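Since the structure comes first, as structure tokens, the remarks are kept for the end.
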Amino acid sequence: MARTYIEDLSAHAGQEATIRGWVYNKRSSGKIRFIVMRDGTGLCQGVIVKGTATDDVFTRFDTLTQESSFAMTGLVRKEERAPGGYEMDVTGIQIIQIAQEYPITPKEHGVEFLMDRRHLWLRSSRQHAILRIRHQIVKAIRDFFDDRGFVLMDAPIFTPAACEGTSTLFGTDYFDLGKAFLTQSGQLYGEAGAMAFGKVYVFGPTFRAEKSKTRRHLTEFWMVEPEVAFNDLNDNMDLAEEFLEHIVQSVLKNRLPELQHLGRNVKFLENVKRPLPRITYDEAVEILRKNNIPFEWGNDLGGTDETVVSEQFDRPVMVHRYPAVVKAFYMKRDPERPDLALAVDVLAPEGYGEIIGGSQREDDLDLLLARLKEQSLPQEAFEWYLDLRRFGSVPHSGFGLGVERTVGWICGLDHVRETIPFPRMIYRLTP
Ligand code: 4AD
Ligand code: MG
């Protein structure tokens, strides 16, 4: 049986075609029947008119329920007013399955109801728009690094130790070897890769036992982490701004209808062009105080602080040189101000908060050993990592971009739960 995808209908105007798909919705008006079909590539309206279609086609049409599956044949016509721009005059219906009463109807449902039915909710046009944008973002990420000679470095998910603080580790029993931990970041392996290949990127799922129930925390999320030998903090910021510009411009170029479907105001996205503003942590603290936020120097920026800082700019802002005490053990100290880490966070506009975290890495063996001690991290577990400082250590830098927060910001969503097909959060492990 021939099959035409809805997205290819323009090549079949004036011809007979068969669409295989599901009932999105349907209605009758006197002697005419309308059906909106979906096949995953788009929506197409089918029209059934007495005279063109047989009585048998009418009978079959009337048995179709929402989400029933079928093959539908008819003449394809250009129709400006129809969603997708084409309509089908249906002359044949082959029913594949009559669906049971479908739980998700055009009426409003609560978010928990929809989350419990996430496996079905994925069929709705809003979820299509979000997940197609996610796909575009992932493609833009891969293209960016592949086109610049970075080598893809897959990092393990079972790891022997913490990378980003011990409070958010998921542990599991690992045969006779004791405990294994789900990776919080592939960075340490990315550093080994950078010393082997010069420039690499790690791209995969990461895990954090986040006890916070916020609109930007998942317990399982995807992170992309470039790591480059001989890059200092400034080179790292150059890379981050070029990268963000590439991702956002690629979504604007390829997924504008999806952004419009979500009602996204693209003004802020169009602004995402180099150079991005760069401010120090000290300057961020000044901004907070000017805005009457009683912020104590030395603390990490919280969600509200990030919002206030980012509101001063019309595009993402890079905040660099944080107090070392709030940052990870592997970050290099600023030689001018050893109480500062050569860190950078990129804050998205419109209150979306941190989407990138990165730094220049400590490349001196003795200093790194001291940092491990300070943070009570077990040296044995890091011996392989310390080898990178024993054998040809060089300055190097990298960062991690959280895919879901980036999707949430670009789509203009108020929660990360819709940015990944099956979200994992403190209170959600199903479906
Ligand atoms: O700032 P983070 O913790 O940085 C690292 O893990 C570094 N090792 C990265 C590197 O330098 N290679 O996390 C990086 C990004 C954050 O900016 C955020 O976008 C995302 O990962 N992220 C989360 N996204 C969703 N849910 C969570 N619980 C997240 N935690 C971090
Ligand atoms: Mg961070």
Side-chain angles (χ1 to χ4, degrees), residues 134 137 141 145 150 153 155 159 161-170 182-194 199-228 231 233 235-237 239-240 243-244 247 281 300-303 305-306 310 316-320 322-323 326-332 341-348 352-362 385 396-410 413 415-420 423-426 428:
R134 178 188 170 100
I137 290 170
I141 289 170
F145 292 119
F150 284 65
M153 174 85 14
T159 59
C163 173
E164 295 295 327
T166 47
S167 64
T168 60
L169 272 181
F170 278 114
L182 299 186
T183 186
Q184 299 165 303
S185 156
Q187 178 196 318
L188 306 188
Y189 298 95
E191 289 183 55
K199 44 186 175 177
V200 300
Y201 68 106
V202 178
F203 196 2
T206 49
F207 305 85
R208 304 223 181 146
E210 298 278 7
K211 284 166 200 98
S212 39
K213 196 185 163 197
T214 79
R215 60 194 194 88
R216 36 195 219 198
H217 285 96
L218 294 166
T219 53
E220 175 177 334
F221 60 97
W222 283 67
M223 199 180 349
V224 58
E225 300 179 89
E227 191 72 33
V228 183
N231 264 13
L233 181 65
D235 301 324
N236 205 30
M237 292 196 271
L239 182 67
F243 179 53
L244 271 185
I247 293 175
Y281 170 89
D300 203 356
L301 300 182
D305 306 323
E306 289 179 349
S310 68
V317 53
M318 307 205 238
V319 182
H320 57 91
Y322 281 69
V326 301
K327 291 293 185 188
F329 75 94
Y330 53 70
M331 293 190 182
K332 191 175 177 64
L342 292 175
V344 57
D345 279 4
V346 183
L347 312 181
Y352 280 93
E354 179 199 331
I355 48 172
I356 284 182
S359 73
Q360 186 169 336
R361 320 306 190 186
E362 183 51 74
Y385 181 66
H396 62 289
S397 302
F399 60 82
L401 168 116
V403 170
E404 289 72 21
R405 286 197 193 164
T406 305
V407 175
W409 159 54
I410 290 179
L413 309 179
H415 199 293
V416 286
R417 67 188 152 220
E418 286 175 77
T419 63
I420 184 166
R424 295 290 174 253
M425 292 170 285
I426 182 165
R428 178 159 300 278

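Both counts, for ligands and for their atoms, begin at 1 and track the order of listing. Note that the structure is a prediction, hence the values are computed from the model and not measured. What's counted below: heavy atoms across the whole structure, side chains too, no hydrogens, waters or symmetry copies.
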[X] side chain to [Y] main-chain N or O, any donor-acceptor pair under 3.5 Å?
X: Asn236; Y: Leu233; answer: no
X: Gln360; Y: Leu342; answer: no
X: Glu225; Y: Gly186; answer: yes
X: Arg361; Y: Leu188; answer: no
X: Glu227; Y: Val200; answer: no
X: Thr206; Y: Thr183; answer: no
X: Ser397; Y: Asn231; answer: yes

Min N/O separation [X] to ligand 1 under 3.5 Å:
X: Leu218; result: yes
X: Ile355; result: yes
X: Gln184; result: no
X: Glu354; result: yes

Closer than 4.0 Å to some heavy atom of [X] - which atoms of ligand 1 meet that?
X: Gly358; answer: 11 (O)
X: Gly402; answer: 15 (C), 19 (O), 20 (C), 21 (O)
X: Gly357; answer: 1 (O), 9 (C), 10 (C), 11 (O), 17 (O)
X: Ser185; answer: 6 (O), 8 (N)
X: Tyr330; answer: 7 (C), 8 (N)
X: Glu225; answer: 7 (C), 8 (N), 9 (C), 10 (C), 12 (N)

With a 4.0 Å cut-off on heavy atoms, does [X] reach ligand 1?
X: Arg361; answer: yes
X: Glu404; answer: no
X: Arg216; answer: yes

If we only count heavy atoms from C-beta on, is the [X] to [Y] side-chain gap below 4.5 Å?
X: Phe145; Y: Val224; value: yes
X: Thr406; Y: Ile141; value: no
X: Leu401; Y: Leu244; value: yes

Structural part of [X] in contact with ligand 1, heavy atom criterion under 4.0 angstrom:
X: Ile356; result: backbone
X: Trp409; result: neither
X: Glu164; result: side chain
X: His217; result: both

*Can you tell me how far the OG atom of Ser185 sits from the CZ atom of Arg208, to the nearest 0.5 Å?*
6.5 Å
*Counting heavy atoms only, name the option from Gln187, Glu210, Arg208 that's nearest to atom 13 (O) of ligand 1.*
Arg208
What residue and heavy atom of the protein are closest to [atom], and at what distance?
atom: atom 22 (N) of ligand 1; result: Phe221 CE1, 3.4 Å
atom: atom 18 (C) of ligand 1; result: Arg405 NH1, 3.6 Å
atom: atom 15 (C) of ligand 1; result: Gly400 O, 3.7 Å

_Those residues that, when tested against Lys213, pass side chain to side chain contact (heavy atoms under 4.5 Å, CB included) (two or more places apart)_ = Ile426, Tyr427
*Is the closest side-chain donor-acceptor distance between Gln187 and Tyr330 under 3.5 Å?*
yes
_For Tyr281 and Tyr322, take the angle between the two ring planes, folded into 0 to 90°, and tell me which bin it lands in: parallel under 30, tilted 30 to 60, perpendicular over 60._
tilted
*Look at the rings of Trp222 and Phe203 and say which category their plane angle falls in: under 30° parallel, 30 to 60° tilted, over 60° perpendicular.*
perpendicular
*Would you list the protein N, O or S atoms within less than 2.8 Å of the Mg ion (ligand 2), leaving out water?*
Glu354 OE2
*Among Arg215, Arg134, Arg417, which residue meets the salt bridge (charged side-chain N to carboxylate O under 4.0 Å, His left out) test with Glu404?*
Arg134
